[in-house]
Amino acid sequence: MPDQVTHFIGGVPVAEGATFAACDPVTGRQIYRVHEADRDVVDRAVAAARAALPGWAALPAAERAAWTRRLGDAIEERFEDLVAAEIADTGKSVTQTRTLDIPRGAANFRSFAEIAAQRPDSAFHLADVLSYTVRRPLGVVAVIVPWNLPFLLATWKIGPALAAGNTVVVKPSEHTPGSMAVLAGIAASIGLPPGVLNVVNGFGPGSTGQFLVEHPGVDAVTFTGESRTGSSIMKSVADRVKPVSFELGGKNAGLVFADADLDAAVEGCVRSVFTNGGQVCLCTERLYVERPVFAEFVARLAGRARELAFGRPEDEDTVMMPMISAEHRDKVLSYYALAGDEGAEIHAGGGAPRFGDERDGGYYVEPTVLTGLPHDSRVNREEIFGPVCHVAPFDTEAEAVALANDSEYGLAATVWTSSLGRAHRVAQSLETGLVWVNTWYLRDLRTPFGGVKLSGIGREGGTHSLDFYSEPTTITIKLEPGHD
Ligand code: NAD
């Protein structure tokens with residue numbers, strides 16, 4: 001790892017601004033220092049993106065797609081550097097990083113290159129009138145992303161934004177700037193026109209993130225993160241009436257029916273609750289299980305939770321990763337304590353593990369399974385964003401759907417059943433942007449992705465991303481016979 005992370009503006013690294021420490025979540029020790037972009041540095045990043053915009057937007061779509069594809073290909077060449085950066089910042093397991101996070105980053109560039117290159121324009125013919133639409137990029141797009149899947153989530157937005165002809169200024173999370181620094185190096189090494197991709201580092205409120213979204217030269221904001229941050233960004237752009245795309249928090253429900261394949265349901269819920277330390281917006285934090293299988297399900301889920309391996313990131317069979325920061329670990333532990341206070345029965349976990357080695361300085365918490373809380377308890381209402389779920393019984397399908405829908409959030413849900421009719425019926429009754437049946441986190445990048453209620457505004461994915469990252473102009477021509 002480098003000993004400092006810089007910004008990337010106009011195609012070159014910029015080492016300006018005070019520095020802050022980035023810590024290894026596995027040990028809590030400082031691993032490098034990060035420059036914080038002040039208003040002046042943000043100003044220069046936006047100016048570089050603005051200067052690059054006319055040339056980039058004017059390229060034929062096929063040429064921009066070729067650049068976007070090249071970024072995806074170059075990720076393969078720097079694969080191990082990206083794996084190392086992502087692990088250093090997050091403490092993720094090498095297995096997950098190699099099989100999910102970095103390959104998905106490459107796929108994000110390649111998929112959106114294809115989707116953009118193949119997208120047809122539409123035309124409507126009506127007697128002697130022809131209407132057609134052309135799409136223009138939005139301009140300079142601010143990309144603001146969180147720490148949980150840093151590379152995957154940033155590239156999910158950068159890929160389509162670039163392919164649609166925008167230039168971007170990316171602000172990674174203050175906790176996880178490493179993989180964007182590698183991506184900046186990749187952009188420079190393949191000769192991506194300077195200013196098309198810029199990266200600024202720093203914090204959110206009162207810092208780089210706020211300076212970026214308030215900047216008059218920013219034409220749109222695409223943001224993934226907490227719902228209350230989305231609300232604050234919305235206020236920042238309200239006076240300028242700028243488009244926003246928000247992928248926000250969740251309090252996702254899983255419904256397990258008695259007719260489900262219980263082995264598959266238990267294993268599926270192990271993944272949906274504990275993957276990435278529960279730090280995926282799509283993770284399940286509320287499970288509702290039909291009464292006849294409730295006791296067995298809880299016992300088996302808790303048994304599996306106790307088995308999950310707390311190795312080091314470099315061990316291939318490691319499953320559990322640390323929380324991203326001491327602050328986030330303390331937040332998750334405070335919910336474990338609150339669950340006890342609210343009267344929960346704790347079937348697994350409930351605290352922080354002790355290792356007797358340097359990992360005791362890190363930010364680990366135990367995978368935790370709870371039952372017995374009232375539906376209205378804070379633990380059942382608020383997004384915890386850790387490896388924890390509460391399991392409650394239900395008696396009827398209608399009750400299960402009502403419990404799942406009784407949330408301020410509406411991102412994702414999972415349904416476990418062997419009845420095809422029930423699968424469709426329940427899936428269509430759930431007030432979420434995404435429903436998985438007998439699986440979880442299976443993604444086709446062409447499908448719309450996003451949430452309802454507090455979980456977001458708009459959809460990205462496939463042509464939905466291109467719709468957000470461009471504006472249609474409708475051109476209507478009166479065809480007058482006999483006139484040139
Ligand atoms: P966060 O909202 O604290 O921060 C996200 C990013 O926004 C960071 O880069 C941060 O520096 C920046 N930021 C914070 N305040 C800002 C402000 N006022 N102006 C501009 N930028 C600001 O979120 P987090 O803790 O990094 O991430 C966890 C959250 O993200 C969880 O709520 C999770 O559910 C959500 N999430 C949602 C999705 C989704 O697709 N819906 C995906 C991943 C994570």
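Because the structure is predicted, anything quoted here is derived from the model rather than measured. Indexing begins at 1, ligand by ligand and atom by atom, following the structure's order. Every heavy atom of this structure was used, including side-chain atoms; hydrogens, water molecules and symmetry mates were not.
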For ligand 1, which atoms sit closer than 4.0 Å to a heavy atom of [X]?
| X | answer |
| --- | --- |
| Leu153 | 42 (C), 43 (C) |
| Phe223 | 2 (O), 5 (C), 6 (C), 7 (O) |
| Cys281 | 34 (O), 36 (N), 37 (C), 38 (C), 39 (C), 40 (O), 41 (N), 42 (C), 43 (C), 44 (C) |
| Gln210 | 19 (N), 20 (C) |
| Ile233 | 19 (N), 20 (C) |
| Phe203 | 11 (O) |

Out of [options], indicate the one that has the non-hydrogen atom closest to [atom].
| atom | options | answer |
| --- | --- | --- |
| atom 22 (C) of ligand 1 | Ser455, Gly450, Gly204 | Gly204 |
| atom 18 (N) of ligand 1 | Ser173, Gly456, Ser232 | Ser232 |
| atom 27 (O) of ligand 1 | Pro146, Ala154, Ser231 | Pro146 |

Would you check the N or O atoms of [X], main chain and side chain alike, for any that come under 3.5 Å of an N or O of ligand 1?
| X | value |
| --- | --- |
| Ile144 | no |
| Glu226 | yes |
| Val145 | yes |
| Thr229 | yes |
| Asn148 | no |

Check: When you measure from the side chain of Arg240 to the backbone N and O of His215, does any donor-acceptor pair fall under 3.5 Å?
Finding: yes

Check: Is it true that a side-chain atom of Glu366 and a backbone atom of Gly351 form a donor plus acceptor pair closer than 3.5 Å?
Finding: yes

Item checked: atom 15 (N) of ligand 1 protein-contacted, heavy-atom criterion under 4.0 angstrom -> yes

Should the pair [X]-[Y] be classified as a salt bridge under the 4.0 Å nitrogen-to-oxygen rule?
| X | Y | answer |
| --- | --- | --- |
| Arg381 | Asp406 | yes |
| Lys251 | Glu382 | no |
| Arg39 | Asp43 | no |
| Asp467 | Arg119 | yes |

At under 4.0 Å between heavy atoms, is it the side chain or the backbone of [X] that contacts ligand 1, or both, or neither?
| X | answer |
| --- | --- |
| Leu248 | backbone |
| Pro172 | backbone |
| Arg228 | neither |
| Leu282 | neither |

Are more than 12 heavy atoms from other residues, nucleotides or ligands located less than 6.0 Å from atom [atom1] of [X]?
| X | atom1 | value |
| --- | --- | --- |
| Gln30 | CD | yes |
| Asp239 | CG | no |
| Arg446 | CZ | no |

So which heavy atom in the protein is nearest [atom], and how far is it from that ligand atom?
| atom | value |
| --- | --- |
| atom 32 (O) of ligand 1 | Glu383 OE1, 2.7 Å |
| atom 10 (C) of ligand 1 | Glu174 OE1, 3.6 Å |
| atom 28 (C) of ligand 1 | Phe385 CE2, 3.6 Å |
| atom 35 (C) of ligand 1 | Gly225 O, 3.3 Å |
| atom 25 (O) of ligand 1 | Trp147 NE1, 2.9 Å |
| atom 21 (N) of ligand 1 | Gly209 CA, 3.6 Å |

Next item on the list: For a salt bridge (charged side-chain N to carboxylate O under 4.0 Å, His left out) with Arg98, tell me which candidate from Glu76, Glu314, Glu80 qualifies.
Entry: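 Only match with Arg98 under salt bridge (charged side-chain N to carboxylate O under 4.0 Å, His left out): Glu80.
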
Check: Which word best sums up how the rings of Phe203 and Phe20 line up, parallel for under 30°, tilted for 30 to 60°, or perpendicular for over 60°?
Finding: tilted

Next item on the list: Mind telling me whether Tyr288 and His375 have parallel, tilted or perpendicular rings, with 30° and 60° as the class edges?
Entry: tilted

Notebook entry, point to check: Quick one: are the ring centres of Phe385 and Trp147 less than 6.0 Å apart?
Noted result: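 Centroid distance Phe385-Trp147: below 6.0 Å, so yes.
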
Margin query: So Tyr336 and Val365, do their side chains get closer than 4.5 Å, heavy atoms only?
Written below: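 They are in contact (side-chain heavy atoms under 4.5 Å apart), so the answer is yes.
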
Checklist line | Gap between atom CG of Asp24 and atom CG of Asp89 - 0.5 Å precision | finding: 9.0 Å

Next item on the list: Would you check whether Phe449 reaches within less than 4.0 Å of ligand 1, judged by its heavy atoms?
Entry: yes

